[in-house]
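What follows is a set of notes on a single structure, which appears directly below.
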Amino acid sequence: MLKVTFPLLTLLLIEVNKTETQRGVSINSVKILHDPNDQRNIKEGSKITLTCSGNIVTLPGQTSQVLYLFYKGQNKDILLQNGTSDRKDSQYTIQSARASHSGYYCCVMEAGSERRESEPTFLTVQGNLQAPVLTIHPINVTVGDSTELRCTSEEIPPLTFIFYKYKDGQKSYRFHDIKSNNDFSMYQLKVTAATEKTYSCAVQGNGPLIESKHSEIVQIIVQDPFSDPVFEIEPSDTIFEGDILTIKCKVNFLPLFHGIQPKLTIVKDTTAIHIKDNATTVFSKRATANDAGEYKCMAEWKDVLKITMRQVNVTVPVSTPTLIPTPTGDNVVEGGILNLSCAVLKGSYPITYKFYKATSETPLHQITLNATTAVHRIISVNNENNGKYSCEASNTANQKPRTKKSQYIIITVKGAQWWIYALALVSVVSIAIVITVLCIRYHKQRSKNNKDKNQVDESYETCQIGSLQHNQEADSDRDHEVDYTNIRALKRNGDTLTRTDSESDCEGDYTNVTTKRKAANTHSDSSSDENNEVSYTQLDLAQPQNSNMPQKPGPTIYASILFNSYGAGVLEKSES
């Protein structure tokens, strides 16, 4: 009650002093001084005097009543003293300084409506802080309850209270700090099964002060209402798919807590599969491969939670294996590679695979893998590899083997000669196709070349008629220049011109046919018919146009050329 009444009376006194101050007072400046003057080297036990003074101006004939306030702390945390005086200064005295007196100090002057405060000043008192005292109430607790830790100090506030706990009662850990303007501080501790049992505290003042020594160590007494959950799984050794899986979760109570009914929960991975409010709970089912995983037994009461975990493994027997040959049994070639694959659809690892031939009890190959498929490879097969094959798959746990056997397959090795003949046949057919294609292309190209030879008949040892000079009389007024091309030699049969295949006597190379202008004369006869065709006769074709070729004597060769309106000529040979 006195703790509440004293601050109220202090505030009331301050208000009364304010009303008694006179009007018309002006405060220009305020400062705080201290004695001794060495603010950083004040010895413990020394007397410290703080003086608050200001420049006060009053009206003539009036006296000033000033309220002086002394504070500790940079933010005026604690009011040390207040009083009214008509003097221009006031003092606050610390009779015997101690380390906790270190810190910031300032003062405030109030007169009428005027209020001024000084700049803070820091004092350092040499010495050590005294160790505080730690008390815990209640000291006998039950898991789920709360207890209070109270740290009290004789040092001058403001102070920082530091709480420590001891891991296994040996090494201390700082776990909570509280700043207080009082000489004590409290911390509420929630008690769990993992709560440490041993605690202490220390204090630290403002400024660069080291903290005090730790208080005496206090140990609390914690009682558990029940033990950690007991987890029982049957069968305990190995669980096979199809077995009955039984999970039991229970707790044991202390004699004083038999009336407690905790909630027991069985959890698989992250899913609760069974919940019951009792000291014991049991859950059973037929095991499958999906039942493997991590299980938890959780016991809850108030804020108490205890968990026990256990891993459950379900062994899945191997399924009947399948033996697959690559290549298939009737496509195995002598000298090739044969792969025998033994595969199962399911089965817990590790799985042992064995490969057999015919009815032999000795395996050809045996291997243990963490896989659902194993391969036995036979390199360069021969006739000895003919026969029946099978495989076995098994997994074993605690002397309980589970073995399955595959179907039989038949392997027939074929000789290598037949595919050599096939390869030779394919080669011959390929060569024939290539030759045929080349011949077709050759004949097409030759046919095209024959068309490009101006359709000259090969009757005169394939002589190519060169340039032909001729006279054409088309009009009596002018000479004509005609390009004579596409000339064919014909043989006259009565009144009809026919093509001849007889050899020609000409030996000249009549190539590079050119057109020359020449007037018609008496050396050539011409006639016109209704088809606008002109026949030129008695043309000397014996002289080759290539002057570099030697002249061979021979008869004079004449020809009659029949031109149609399209410029196509027909050649008829005659000699004299």
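Listed by first and then second residue, the salt bridge (Lys or Arg N to Asp or Glu O under 4.0 Å) pairs involving residues 313-324 amount to none (not counting sequence neighbours). For the disulfide (SG to SG under 2.5 Å) condition, the pairs that include at least one residue of residues 147-187, sequence neighbours left out, are Cys151-Cys201.
Taking the six-membered ring where the residue is Trp, Phe122 and Tyr104 present perpendicular rings, their angle passing 60° and hence far from 30°.
With sequence neighbours excluded, no residue forms a ring pair (Phe, Tyr, Trp, His ring centres under 6.0 Å) with Tyr295. Evaluation of the ring pair (Phe, Tyr, Trp, His ring centres under 6.0 Å) rule for His376 yields Phe355, His365 as partners, not counting sequence neighbours. Evaluation of the side chain to side chain contact (heavy atoms under 4.5 Å, CB included) rule for Lys263 yields Thr265, Ile275, Asp277, Glu300 as partners, not counting sequence neighbours. Among residues two or more places apart in sequence or in another chain, the ring pair (Phe, Tyr, Trp, His ring centres under 6.0 Å) test is passed with His137 by none. The side chain to side chain contact (heavy atoms under 4.5 Å, CB included) test applied to Glu392 returns Lys354, Tyr356, Thr403, Lys405, not counting sequence neighbours. Legend: residues meeting salt bridge (Lys or Arg N to Asp or Glu O under 4.0 Å) with Glu234, ordered by chain and number and at least two apart, are absent. Listed by chain and residue number, Cys249, Leu264, Ile266, His274, Lys276 satisfy the side chain to side chain contact (heavy atoms under 4.5 Å, CB included) test with Thr281 (two or more places apart in sequence, or in another chain). Contacts of Lys250 classified as side chain to side chain contact (heavy atoms under 4.5 Å, CB included), with partners at least two apart in sequence or in another chain: Val230, Glu232, Thr280.
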Side-chain polar contacts of residues 337-351 - donor-acceptor pairs under 3.5 angstrom, sequence neighbours left out - could you list them?
unit_1, atom_1, unit_2, atom_2, d
Asn339, OD1, Arg377, NE, 2.9
Lys346, NZ, Glu241, OE1, 3.4
Ser348, OG, Val316, N, 2.5

Under 3.5 Å, side-chain donor or acceptor atoms of residues 45-53 against the rest of the protein: list the pairs with distances, not counting sequence neighbours.
unit_1, atom_1, unit_2, atom_2, d
Ser46, OG, Lys43, O, 2.8
Thr51, OG1, Gln91, NE2, 3.4

